[in-house]
Amino acid sequence: MVICLILNCIKILAEYIMESAKEERTFIMVKPDGVQRGLVGKIIKRFEQKGFKLIGLKFTWPSDDLLSKHYADLANRPFFPTLIKYMSSGPVVAMVWEGLNSVKMGRFMLGATDPKDSNPGTIRGDLCIQVGRNIIHGSDSVESAKKEIALWFSDKELVQWTSNNDLWVYEK
């Protein structure tokens, strides 16, 4: 009887952990060079094929103010003005993806910040050459993802929906 109770508690805890991990969100942004090169669809396809669920999508031309807030942690770096100028040079595609370990896996899918250090099969490893034109940004932690999502999207712009793919992507 006690063993059954313990096993049932473990099962409930495991389901809770899986359910809460599944809800992790990450912020992904296709930068102006990725938009100009027509890579948005290819990038979306990679995240969809991996099994992540798109819950927010915005095509926008970001202001210097928005970008300065987004990259605030880099404000003291010498390349900051050039970064802001480049990122405001054209439209970007901001996205929110949801899924198990989406932040860590999203970063893995992007590859190293410098494309020359990115493995083949990663977005940067396959699609770009120079660090100054590395086509994509991804949140580097769950905390960063929360801040970036709140900066770029209102709650009303995030769509909560159930994907039929969940049954084929996640073990229950």
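Residues: numbered from 1 along the sequence shown.
Cluster annotation: Met29 is connected to Leu158 through the hydrophobic network of ILVMFWY side chains, with a link wherever side-chain heavy atoms come within less than 4.5 Å. Connection of Leu54 to Met105 is established within a shared hydrophobic cluster, with ILVMFWY side chains joined at heavy-atom distances below 4.5 Å, either directly or through further cluster members. Hydrophobic clustering places Ile136 together with Trp97 (ILVMFWY residues linked when any side-chain heavy atoms are closer than 4.5 Å, directly or through intermediates). Under a hydrophobic clustering in which Ile, Leu, Val, Met, Phe, Trp and Tyr are joined whenever their side-chain heavy atoms come within less than 4.5 Å, directly or via other members, Ile28 and Val92 fall into different clusters. Follow the hydrophobic side-chain contacts under 4.5 Å out from Leu110 and you never reach Tyr71; the two are in separate clusters.
Under the side-chain contact (heavy atoms from CB on, under 4.5 Å) criterion, Ala112 pairs with Asp117, Ser118, not counting sequence neighbours. With sequence neighbours excluded, the residues satisfying side-chain contact (heavy atoms from CB on, under 4.5 Å) with Leu127 are Leu39, Ile123, Ile135. Take Glu157 and apply the side-chain contact (heavy atoms from CB on, under 4.5 Å) test, not counting sequence neighbours, and it matches Lys58, Phe153, Ser154. With sequence neighbours excluded, no residue satisfies salt bridge (Lys or Arg N to Asp or Glu O under 4.0 Å) with Asp73. In this structure Asp65 satisfies the side chain to side chain donor-acceptor pair (under 3.5 Å) test together with Lys69, sequence neighbours excluded. Listed by chain and number, the residues in a side chain to side chain donor-acceptor pair (under 3.5 Å) with Thr26 amount to none (sequence neighbours excluded). Every residue meeting the side chain to side chain donor-acceptor pair (under 3.5 Å) condition with Ser144, not counting sequence neighbours, appears here in chain and number order: Asp140, Ser141. Residues satisfying the side chain to side chain donor-acceptor pair (under 3.5 Å) test with Ser88, not counting sequence neighbours, are Asp64. A search for side-chain contact (heavy atoms from CB on, under 4.5 Å) contacts involving Trp168 returns nothing, not counting sequence neighbours.
The shortest non-hydrogen separation linking Tyr170 to Leu100 is OH-N, 2.8 Å. Taking all atoms of both residues into account, the shortest heavy-atom contact from Trp61 to Ser89 is CZ2-O, 3.4 Å.
With rounding to the nearest 0.5 Å, the separation of CD in Glu24 from OG in Ser139 is 9.5 Å. If you take CD on Gln130 and NZ on Lys116, they are separated by 11.0 Å, rounding to the nearest 0.5 Å.
With hydrogens and angles ignored, the 3.5 Å screen pairs a side-chain donor or acceptor of Arg107 with a backbone N or O of Gly138.
Between Pro62 and Met87 there is no side-chain heavy-atom pair separated by less than 4.5 Å. Here the side chains of Leu66 and His70 are not in contact, with every heavy-atom distance at 4.5 Å or above. Side-chain contact check for Glu98 versus Phe52: every heavy-atom pair is 4.5 Å or farther apart. Taking 4.5 Å as the limit, every side-chain heavy atom of Phe108 sits out of range of all side-chain heavy atoms of Thr122. For the pair Val30/Met95, a side-chain contact is recorded, criterion being any heavy-atom separation below 4.5 Å from C-beta on. Here the side chains of Val40 and Val35 are in contact, with some heavy-atom distance below 4.5 Å. You'll find the side chain of Ile149 reaches within 4.5 Å of the side chain of Arg25, heavy atoms only. Phe47 is not listed as a side-chain neighbour of Lys53, based on a closest heavy-atom distance of 4.5 Å or more.
Heavy-atom contacts from other residues, nucleotides or ligands closer than 6.0 Å to CD of Gln160 number more than 12. Within a 6.0 Å sphere centred on CD1 of Ile129, heavy atoms belonging to other residues, nucleotides or ligands number 12 at most. For CZ of Phe59, the number of neighbouring non-hydrogen atoms (other residues, nucleotides, ligands) closer than 6.0 Å is greater than 12.
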Given side-chain contact (heavy atoms from CB on, under 4.5 Å), test Phe27 with Lys147 step by step and report yes or no. CA-CA 9 Å; Phe27 177 79; Lys147 289 177 189 172; over 6 Å; no

Evaluate the side-chain contact (heavy atoms from CB on, under 4.5 Å) criterion for residues Arg133 and Lys31: first the C-alpha distance (whole Å), next the side-chain angles of each, then the deciding distance (0.1 Å), finally the verdict. CA-CA 8 Å; Arg133 297 291 184 267; Lys31 296 177 179 181; over 6 Å; no

Test side-chain contact (heavy atoms from CB on, under 4.5 Å) applied to Trp152 and Thr60, step by step: CA-CA 10 Å; Trp152 289 82; Thr60 186; 3.9 Å; yes

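Think of Val142 as one node in a network of Ile, Leu, Val, Met, Phe, Trp and Tyr side chains linked at under 4.5 Å; its network also takes in Val103.
A side-chain hydrogen bond (donor to acceptor under 3.5 Å, both in side chains) check over residues 37-46, counting only residues at least two apart or in different chains, returns the pairs Arg46-Asp126. Screening residues 77-86 for side-chain hydrogen bond (donor to acceptor under 3.5 Å, both in side chains), with sequence neighbours left out, gives Asp33-Tyr86.
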